[in-house]
Amino acid sequence: MSIFAMPVFDATVIYEGKELFKGRGAASVWAEKLAREIESPVTVEKIGTGWALCGRVDDVDCQWGIHGQRLKRLD
């Protein structure tokens, strides 16, 4: 099962309309899972009051947050 279908039950915050992880620890756990899924390194980055996942897919820098309790790529 893809991690994009797994629910994210960690605490979240809303910053500038984006739902992000509230804590760095939770974001780091999901960064490890995402890195295995996309087979590329993923880090966590502080954005305002929350944490996003950051990595590269197809030579494009990407950030992921949360939408509806699922991971979602931020635009």
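Around the CG atom of D61, the shell of radius 6.0 Å holds more than 12 heavy atoms that belong to other residues, nucleotides or ligands.
Residue W64 holds its CH2 atom at 9.0 Å from CD1 of I3, rounded to the nearest 0.5 Å. Between L53 atom CG and K33 atom NZ the span is 11.0 Å, to the nearest 0.5 Å. The line from CD1 of I66 to NZ of K18 is 13.5 Å long, rounded to the nearest 0.5 Å.
Heavy-atom minimum distance, A26 versus D10: CB-CG, 3.6 Å. The shortest non-hydrogen separation linking R70 to A5 is NE-O, 3.1 Å. In plain terms, the two heavy atoms of V13 and G50 that are nearest each other are CG2-CA, 3.5 Å. For G68 against E19, the heavy-atom pair with the smallest separation is N-OE1, 4.1 Å. Considering all non-hydrogen atoms of both residues, W51 and G23 come closest at CD1-C, 3.6 Å. Residue A52 comes nearest to L74 through the heavy atom pair CB-CD1, 4.3 Å, listed as atom of the first residue, atom of the second, then distance.
The shortest side-chain heavy-atom distance between R36 and L34 does not fall under the 4.5 Å cut-off. In this structure the side chain of Q63 never reaches within 4.5 angstrom of the side chain of R73, judged on heavy atoms. M6 places a side-chain heavy atom less than 4.5 Å from the side chain of W30. The shortest distance between side-chain heavy atoms of L20 and I47 falls below 4.5 Å. Side-chain contact between C62 and R56 is absent, with no heavy-atom pair separated by less than 4.5 Å.
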